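Heads up: the structure comes next, in structure tokens.
These figures come from a predicted structure and were not determined experimentally. All chains are named by letter (A, B, ...) in the order of the sequence lines, taking the proteins before the strands, and each is independently numbered beginning at 1.
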There are 2 protein chains.
Amino acid sequence: MRADARENRARVLAVARELFAQRGLDVPMATIARRAGVGVATLYRRFPTKEALVVEAFTEQFALCQAAIDEALIDPDPWRGFCTVIEKVCVLQASDRGFTAAFVASFPDLHTEVRDRTWHGFAALVQRAKDSGSLRADFSPHDLTLVLMANGGLASAPVEVAVAASQRLVAYLLEAFRSGTDQLPPAVPLSLDLVLR
Amino acid sequence: MRADARENRARVLAVARELFAQRGLDVPMATIARRAGVGVATLYRRFPTKEALVVEAFTEQFALCQAAIDEALIDPDPWRGFCTVIEKVCVLQASDRGFTAAFVASFPDLHTEVRDRTWHGFAALVQRAKDSGSLRADFSPHDLTLVLMANGGLASAPVEVAVAASQRLVAYLLEAFRSGTDQLPPAVPLSLDLVLR
DNA sequence: CGCCAAGTGGACGGTGCTCTCCACTTACGA
DNA sequence: TCGTAAGTGGAGAGCACCGTCCACTTGGCG
């Protein structure tokens, strides 16, 4: 690959990440191209479709999620590990407007590879937290999806507001996850497949 | 207005309500027209713009929200009143895919008239619940918006799933609203203006 | 230095949407 | 029954977007 081409590709990706974060996924490809100082054709040569660009632009964030889980599994305090994961992922989601959309948009592709690993990691985290007595027994791993979807609902607000709101929401939820005095409606098996439509 | 015209108008409105609930607000006007057995022109004659149709289609639901608050203010048990409002509104929102979008889409029009009334009603409800000692003191009326936005995030799932998920989410949140042992991040003044973009 | 594959940009086709225009039809008062 | 204003449907204007095509430019190897 020629040097100038590689540079252009990198610039496109950077611009895409920025615009997706600020304005969500419905930024026109032409806008991204213009802001990156290239023509649309260049953009499409590197990323055959918009979805491809989206996926590539967000793989970094997905890796961060995975890393958060891995790290939490090492934390000697199971409850703190559990909380940290939820807090980290929610901040990530709230501070990047395209995150949720990218997540579902790319799900058919991530397929079982990354997905199952993340899921099992989180399930383990949940079990550890339950065993230590800090997480309520009727918490379901599916509740992670519940949290993600709920938190995603904040994305329509401007970023700083969304982050602040997300922090308060997460604080409320974590408190509810810990105490566990009341009877809950049954857990809903929200595999993200469902969400994907 | 001629009899046949009135009938057509009603049919359009019914179809619109149904389709918006099932599929969200991005149903094409042509689809609504076809399903109602009329041409697009007829539709546009009655509702000069798509937004007008949306607003008209959802005024019923808005009234239901208002009624829920009024009713709750009469409830002798302040905490039960508070819970009922949140539960009712959230179910409404989760079972109708277009609800949230319609809510924000029509906000500039509802303007101060309905809006302030709803807001003051809810604030009163909150105060009552706090005074009775059942609602945590650091709960903010702005947290209603927080709940609405979070609950709105569930709307991308199929309706029955969304309702079930919403019920569990609300149960978690209400528990957190009641107990109130932990320190919270500050409330975020999420006036819906902000959400509107 | 010169060649050419790799790279480029902008015009353009295709699609799907909202809303308008206008020639035609129909309810209904007189 | 008949005239007419109210009502109607469908074609299409206008717009925004995704993705393609092709004549042109340029980096960098030999």
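Salt-bridge formation is not detected for the pair A:Glu56/A:Arg46: no Lys NZ or Arg NE/NH1/NH2 atom is positioned less than 4.0 Å from an Asp or Glu carboxylate oxygen. Using a 4.0 Å cut-off between charged side-chain N and carboxylate O, A:Asp75 and A:Arg128 make no salt bridge. Salt-bridge check for B:Asp138 with A:Arg168: failed, with every basic side-chain N at 4.0 Å or more from each acidic carboxylate O.
As rounded to whole Å, 15 Å separates atom C1' of C:dC17 from atom CG of A:Asp26. Counting to the nearest Å, the P atom of C:dT20 and the CZ atom of B:Phe47 are 15 Å from each other. Atom CG of B:Leu53 is separated from atom P of C:dC19 by 10 Å (rounded to the nearest Å). Between the C1' atom of C:dC12 and the CE atom of A:Met29 lies a distance of 17 Å, rounded to the nearest Å. Atom C1' of nucleotide D:dC17 and atom NZ of A:Lys50 are separated by 8 Å, given to the nearest angstrom.
Each of C:dT18, D:dC18, D:dG28 was ranked by its minimum atom distance to the side chain of B:Tyr44; first place goes to C:dT18.
Dashed line: the shortest gap from a side-chain N or O of A:Thr49 to OP1 or OP2 of D:dC18 is not under 4.0 Å.
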Check your understanding: Between B:Phe103 and B:Phe62, is a ring pair (Phe, Tyr, Trp, His ring centres under 6.0 Å) present by the stated rule, with each step listed?
Key -> CA-CA 8 Å; B:Phe103 200 59; B:Phe62 295 158; 5.5 Å; yes
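Backbone-only engagement by B:Ala3 is indicated by non-hydrogen atom pairs under 4.0 Å involving sugar-phosphate atoms exclusively.
The number of heavy atoms from other shown groups lying within 6.0 Å of CD (B:Gln22) is above 12.
Rounded to the nearest 0.5 Å, atoms OG1 (A:Thr59) and CD (A:Gln66) are 13.5 Å apart.
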Exercise for review: Take nucleotides 6-13 of chain D nucleotide by nucleotide from the 5' end and write B, S or -, depending on whether a protein heavy atom sits under 4.0 Å from the base, only from the sugar-phosphate, or from neither.
Suggested key: BBBBBB--
